Amino acid sequence: MHQRLCSTAALPKSKPNPVLLSALNPSRSFTIEADVSPEDYVGSNPSSKSSPYRTPLWNLLHPLLKHEPPDLSFYAPLFQHLTGRNFLRIGRQVHSHMAIRGWEPNGFTAAKMVAMYASSGDLDAAGVLFGRIQNPSLILYNSMIRAYSKYGCHQKSVELYLRMHSSGFQGDNFTFPFVLRSCADLLNLLIGKCVHGLSLRIGLELDTYVGTSLIDMYVKCGEIGNARKLFDIMDVRDVSSWNALIAGYMRDGEIRVAEDLFARIPCSNIVSWTAMISGYTQNGLVEQALTLFDEMLKYDSDVKPNWVTIMSVLPACAHSAALERGRKIHDYAASIGMDSNPSVCTALIAMYAKCGSLVDARCCFDQLLPTHRNLVAWNTMVTAYASHGRGTEAVATFEEMIEAGVRPDTVTFTGLLSGCSHSGLVEMGLKYFNNMKPVFSVEPRVEHYGCIVDLLGRAGRFVEAKKMIDEMPMEAGASIWGALLAASKMHKNLDTADIAARKLFVLEPENSGNYILLSNMYAEAGMWGEVDDLRAAIQGRGIRKNPGCSWIEVNGKVHLFLGEDRSHTESKEIYLFLEALAERMKAAGYVPDTTVVLHDVSEEEKERNLTTHSEKLAVAFGLLNTNPGVVLRITKNLRICGDCHTAFKFISKIYERVMVVRDLNRFHQFEKGTCSCGDYW
DNA sequence: TTAGGGTTAG
């Protein structure tokens with residue numbers, strides 16, 4: 001609320017200070033208005049019910065209210081009380097009040113002003129004022145370094161630390177944690193080690209805060225060994241020290257060590273649990289993440305999930321496409337009032353999109369207040385549409401975002417361009433790509449070139465795609481050649497496929513998918529000699545085939561199927577069902593596409609091979625175990641095969657079912673005999 | 001003062 005405290009228009013005017021006003025651009029308003037509630041400066045007196053209690057801030061503002069002419073000494077304690085974002089507006093106005101009367105802050109007042117602006121995140125104002133101070137104290141350096149570190153200006157934080165050091169200050173137990181956090185973010189191991197050396201020299205290496213910050217710095221710079229050494233010699237360890245190390249082991253894939261530490265931690269807190277959950281999620285250990293989350297809810301203690309925990313567990317549902325689990329976590333978040341948190345909301349959008357429910361994703365996006373729709377939220381929504389092949393909606397969302405005044409970044413364009421690519425919006429995609437730098441000041445990166453190669457390749461414009469690869473300013477990596485290979489497969493362009501695949505065999509020799517893709521193309525062309533050569537190469541290099549698998553969630557339980565899998569308890573029913581299904585589909589006009597089969601075997605054998613693809617087993621299980629009308633959501637770890645794609649279109653028509661298939665690259669929604677990708681994939 | 005974090009192409 002706006003509370004009018006005083007109209008300075010009634011006060012005698014003195015000459016404004018144009019330097020400060022122009023440098024800092026504080027509000028020129030003569031009226032002090034605060035965004036704070038009255039309780040912030042007039043509270044309730046605990047000992048008296050009748051008279052309002054004067055808080056320290058109220059007492060400090062009193063001269064302004066009474067129009068008493070203040071002198072310079074009046075301002076310093078006031079600035080000291082106006083720390084934090086809530087008071088930024090009123091702080092600026094008090095600054096204005098002072099400047100307009102021509103008061104030059106002395107060193108003490110200036111220091112308080114720097115601290116005020118720094119604490120509220122107005123780093124420009126803090127920086128300008130700081131620069132005007134002749135000999136900043138260590139405390140003032142700490143305030144500035146902390147502000148730069150806290151608000152993400154890590155380079156400036158480190159630079160200021162170096163300046164402080166060269167002016168003769170060694171730093172203290174407050175300096176080091178801030179600067180180390182910045183070193184960690186910048187992955188600047190060199191400065192980080194210098195800080196370590198310095199802290200060691202002045203006996204602060206094993207200080208709880210400094211030690212923990214050092215552990216974190218080493219962890220983030222990839223030196224887990226050094227982090228462990230420090231942890232082991234620390235006499236007094238904070239729960240944060242344990243948490244930093246746990247996160248480090250999780251980051252390095254040393255899951256077992258992290259689990260061991262987690263089991264031994266004397267007093268774990270919510271951060272410890274969240275570090276474990278997010279560690280599991282980031283390592284693809286979805287079941288462990290969800291199990292630990294459930295265990296935490298049952299755990300009878302003060303450890304309760306907070307917004308970071310919710311945000312960390314949701315990607316586990318997204319990863320495994322466990323829609324019902326995700327919905328339950330959404331319900332839980334809502335029950336504790338956390339679903340309105342913008343970051344949680346963004347994680348929910350991503351979860352629903354990745355679990356195949358674009359409707360729910362959009363619903364969460366719409367529930368976000370317009371002022372809470374930040375860059376990441378917009379990016380998530382654009383990407384959601386893109387991955388579902390809804391290019392037109394991705395473009396519309398992008399335009400809405402621009403309209404809302406949010407500046408796009410590199411991720412936005414990755415989503416937007418891939419959306420255009422999947423929907424065949426070739427000219428639109430090229431237009432946005434060409435506008436990236438001149439209109440939006442975003443430098444195209446390799447992933448954007450990848451999208452454009454994909455876009456041109458899918459459209460069959462191979463000459464332009466190849467030209468783009470030749471002319472791009474960076475070396476073409478596996479993603480670029482991978483896009484070209486996939487497009488070559490789609491258009492049966494064996495010459496280009498050969499070029500792309502040979503590059504990939506060098507760039508990622510272990511990736512079995514490239515060999516198989518080229519091999520399939522040879523098989524399709526009946527070039528069995530080349531197929532044999534490739535098979536020999538795969539065997540000779542000891543490359544292991546990535547087995548295709550599909551899974552489906554039925555009644556909250558995930559059922560996984562490999563190709564030719566007979567391990568499921570309902571296998572017998574599934575195979576019988578598939579046999580009957582093949583006949584029904586054939587009667588409806590389905591012709592098995594045996595060209596996708598690698599082996600040089602009889603047609604009958606090829607057909608049988610097709611019938612047992614993992615996605616067909618999953619869909620059969622789904623049809624057998626759900627009621628009519630239920631949407632079947634299937635996920636596959638590789639790209640859906642061409643024959644299954646055709647078969648699913650028939651199944652959607654015969655059984656009047658909607659089926660959403662998430663494959664390695666995108667979503668396919670099968671409905672009434674067609675697929676949302678328009679067979680353009 | 002330190003620790004856990006949502007969006008990224010083929």
Side-chain angles (χ1 to χ4, degrees), chain A residues 142 145-146 149-150 172-181 184 207-217 219-220 237-248 250 269-279 281-282 306-315 318 341-351 353-354 374-384 386-387 409-419 421-422 445-455 457-458 477-487 489 500 504 511 513-514 517 639 664-666:
Chain A
N142 283 351
I145 294 170
R146 177 176 72 162
S149 169
K150 184 178 173 187
D172 65 8
N173 56 322
F174 282 80
T175 323
F176 297 134
F178 306 139
V179 73
L180 284 167
R181 182 180 157 175
D207 171 89
T208 314
Y209 287 96
V210 177
T212 302
S213 302
L214 281 167
I215 291 172
D216 183 53
M217 184 274 295
V219 156
K220 289 184 179 147
R237 294 172 193 142
D238 197 273
V239 61
S240 305
S241 327
W242 288 81
N243 293 345
L245 198 63
I246 287 174
M250 276 299 197
N269 63 9
I270 185 58
V271 178
S272 329
W273 286 78
T274 306
M276 288 301 293
I277 291 170
S278 69
T281 306
Q282 282 158 17
N306 59 22
W307 63 281
V308 183
T309 321
I310 304 287
M311 224 168 65
S312 306
V313 72
L314 285 171
N341 177 299
S343 300
V344 170
C345 217
T346 306
L348 283 167
I349 297 168
M351 182 276 289
K354 286 180 183 165
N374 61 16
L375 176 65
V376 181
W378 283 102
N379 284 353
T380 309
M381 202 58 233
V382 170
T383 308
S387 64
D409 73 348
T410 173
V411 179
T412 323
F413 281 101
T414 310
L416 179 67
L417 297 178
S418 80
S421 163
H422 284 293
R445 292 195 195 173
V446 66
E447 54 266 38
H448 306 114
Y449 282 95
C451 289
I452 295 301
V453 169
D454 185 50
L455 178 100
R458 281 170 193 272
S479 61
I480 301 282
W481 293 111
L484 194 68
L485 177 61
K489 167 85 167 69
L504 286 164
N511 186 339
N514 299 323
L517 211 150
R639 282 183 65 162
L664 192 62
N665 290 342
R666 57 164 293 160

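Keep in mind the model is a prediction, meaning the values are calculated, not measured. Convention: sequence-line order gives letters A, B, ...; per-chain numbering from 1.
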Looking at every strand, decide which applies to [X] at a 4.0 Å heavy-atom threshold: base, sugar-phosphate, or nothing.
| X | result |
| --- | --- |
| A:Ile215 | nothing |
| A:Phe178 | sugar-phosphate |
| A:Ser418 | sugar-phosphate |
| A:Thr274 | base |
| A:Ser479 | base |
| A:Trp307 | base |
| A:Lys150 | nothing |
| A:Asp216 | sugar-phosphate |
| A:Asn269 | base |
| A:Asn374 | base |
| A:Ala377 | nothing |
| A:Arg445 | nothing |
| A:Asn306 | base |

With a cut-off of 6.0 Å (strictly less than), are more than 12 heavy atoms of other residues, nucleotides or ligands near CZ of A:Arg237?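 More than 12 heavy atoms, drawn from other residues, nucleotides or ligands, come within 6.0 Å of this atom.
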What residues form a side-chain contact (heavy atoms from CB on, under 4.5 Å) with A:Leu517, not counting sequence neighbours?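 With neighbours one apart ignored, the set is A:Leu485, A:Lys489, A:Met521.
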Using the test ring pair (Phe, Tyr, Trp, His ring centres under 6.0 Å), find all partners of A:Trp273 that sit at least two apart in sequence or belong to another chain.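 A:Trp273: ring pair (Phe, Tyr, Trp, His ring centres under 6.0 Å) contacts with A:Phe262, A:Tyr299.
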Determine whether a donor-acceptor pair (N or O, by modelled atom type, separation under 3.5 Å) exists between the side chain of A:Ser312 and the backbone of A:Ser278.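 Answer holds: no.
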Qualifying residues under side chain to side chain donor-acceptor pair (under 3.5 Å), relative to [X], sequence neighbours excluded:
| X | answer |
| --- | --- |
| A:Asp238 | A:Ser240 |
| A:Thr346 | none |
| A:Asn514 | A:Glu508 |

Nucleotides bounding contact with chain A, strand DNA chain B, heavy-atom threshold 4.0 Å: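 First-to-last contact on DNA chain B, by the 4.0 Å heavy-atom rule, is B:dT1 to B:dG10.
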